[in-house]
There are 2 protein chains.
Amino acid sequence: MVRASATAEEPLSSELIRAAGVKVTRGRVRVLDALRAARQPLSHAEMEALPAGAGDAAIDRVTLYRVLDSLVACGLALKAVDTRGVFRFSAAGAQRQHAKHVHFRCTGCGGVFCLKAEPPPPPRLPRGFRLQQVEFDLRGLCAGCGALAS
Amino acid sequence: MVRASATAEEPLSSELIRAAGVKVTRGRVRVLDALRAARQPLSHAEMEALPAGAGDAAIDRVTLYRVLDSLVACGLALKAVDTRGVFRFSAAGAQRQHAKHVHFRCTGCGGVFCLKAEPPPPPRLPRGFRLQQVEFDLRGLCAGCGALAS
DNA sequence: CCACAAATGCAACAGTGTTGCATTTGCAGG
DNA sequence: CCTGCAAATGCAACACTGTTGCATTTGTGG
Ligand SMILES: [Mn+2]
Ligand SMILES: [Mn+2]
Ligand SMILES: [Zn+2]
Ligand SMILES: [Zn+2]
């Protein structure tokens, strides 16, 4: 069963895209759906390997780059570099929930893991400084990469 | 005049390399000298473009990668990814002092401010994860940029 | 000085991301 | 429903960053 309309909590990706003022294409809908369903930021390579939706042809490599850039340009996705130097993308709305916990960034595979711990309270800032974001990142090797390296 | 011996504050790069237990080669000395003289972390491309020291041939591209990796492996250099996804290297001594305190990164001017506070202890990690580095960064506007924006 | 492991130079390759251009498609307006 | 056109796509070719294999050279302990 395919949902045909929006709910307050989960507007359809196609509606978000239309509201952003760009054309609604199959590629953009599929990519934004994937970003919104993902639990971690996804790299281009990971998204290229996504199972092609029923009957849909795989998205062209270059088109995927351009779809991702367009989603970033219209504010629906965020782009950040991982520890290996590869860009990772996330749905813009997903950022809020990740502000509440700490992340582990694997220097081996670039993966981002959400930890249960919440970030510690920020220290006092010098006069006039305005805090916008607290980033408490742990870096190292995840279980998979650590096993390979040992 | 070429210094032939170390001082307590500035040991020769060749002595640091020897003490690290690896062979002292022209490439390693030149690269470590460059890293120690640099005021910001340098990328591979930037170091490849360094003026070749008097009468010295330019370092081979692949050798430069391997020299950088060897300096990182023996603890004399640090490797981190920049915002474009390119690796940058710095002399270890230059960063060691920054490991003991928290940083504020201004999203307005890009400035990095060293705060007095020390980073909080890391939370427990999932089984098999290996912690290498803790990064507690605060992001926002510094006093100068905040005044301009208001 | 010698032997030998470590380091180098070179060629080829892999992964990530970009550009140019011809073709297709979303969609606004009739 | 058409139709036109800007926007988006697919494909080939390219640029940049980094790695691997292998023959040759070099640093260093003895
Ligand atoms: Mn998270
Ligand atoms: Mn500092
Ligand atoms: Zn990993
Ligand atoms: Zn600032």
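All heavy atoms count here, side chains included; hydrogens, waters and symmetry mates do not. Proteins get letters first, then strands, A, B, ... in listed order; numbering begins at 1 in each.
Scanning for salt bridge (charged side-chain N to carboxylate O under 4.0 Å, His left out) contacts around Glu135(B) gives Arg139(A), with sequence neighbours left out. Residues passing the salt bridge (charged side-chain N to carboxylate O under 4.0 Å, His left out) test with Glu46(B) are Arg88(B), sequence neighbours excluded. Listed by chain and residue number, Arg105(B) satisfy the salt bridge (charged side-chain N to carboxylate O under 4.0 Å, His left out) test with Asp137(B) (two or more places apart in sequence, or in another chain). With sequence neighbours left out, the salt bridge (charged side-chain N to carboxylate O under 4.0 Å, His left out) criterion links Asp69(B) to Lys79(B).
Regarding Glu48(B), its CD atom lies at a distance of 12 Å from the P atom of dG9(C), rounded to whole Å. Leu64(B) has its CG atom 14 Å from the P atom of dC10(C), to the nearest Å. Rounded to whole Å, the distance from CE on Met47(B) to P on dG18(D) is 13 Å. Counting to the nearest Å, the C1' atom of dT26(D) and the CZ atom of Arg18(B) are 14 Å from each other. One interatomic measurement links the two molecules: CG of Leu71(B) to P of dA7(C), which rounds to 11 Å at whole-angstrom precision. For Glu15(B) and dG27(D), the CD to C1' distance is 17 Å, given to the nearest whole Å. Straight-line distance from the CG atom of Leu68(B) to the P atom of dT17(D): 13 Å, rounded to whole Å.
A heavy-atom distance below 4.5 Å is found between the side chains of Gln132(B) and Leu141(A). Contact check for Leu35(A) versus Phe89(A): side-chain heavy atoms found under the 4.5 Å cut-off.
Within the helix from dC1(C)-dG30(D) to dG30(C)-dC1(D), the inter-axis angle between the opening and closing five-pair segments is 40°, rounded to 10°.
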N/O donor to acceptor pairs below 3.5 angstrom from side-chain atoms of residues 58-67 of chain B, sequence neighbours left out:
residue, atom, partner, partner atom, Å
Asp60(B), OD2, Val62(B), N, 3.0
Asp60(B), OD2, Thr63(B), N, 3.2

Donor-acceptor pairs under 3.5 Å, side chain of residues 16-24 of chain A to any protein atom, not counting sequence neighbours: which ones?
none

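Screening residues 114-124 of chain A for salt bridge (charged side-chain N to carboxylate O under 4.0 Å, His left out), with sequence neighbours left out, gives no hits.
Dashed line: the shortest gap from a side-chain N or O of Thr25(B) to OP1 or OP2 of dA7(C) is not under 4.0 Å.
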For every nucleotide of nucleotides 16-25 of chain C, 5' to 3': is a protein heavy atom under 4.0 Å from its base (B), only from its sugar-phosphate (S), or from neither (-)? SBBBB-----
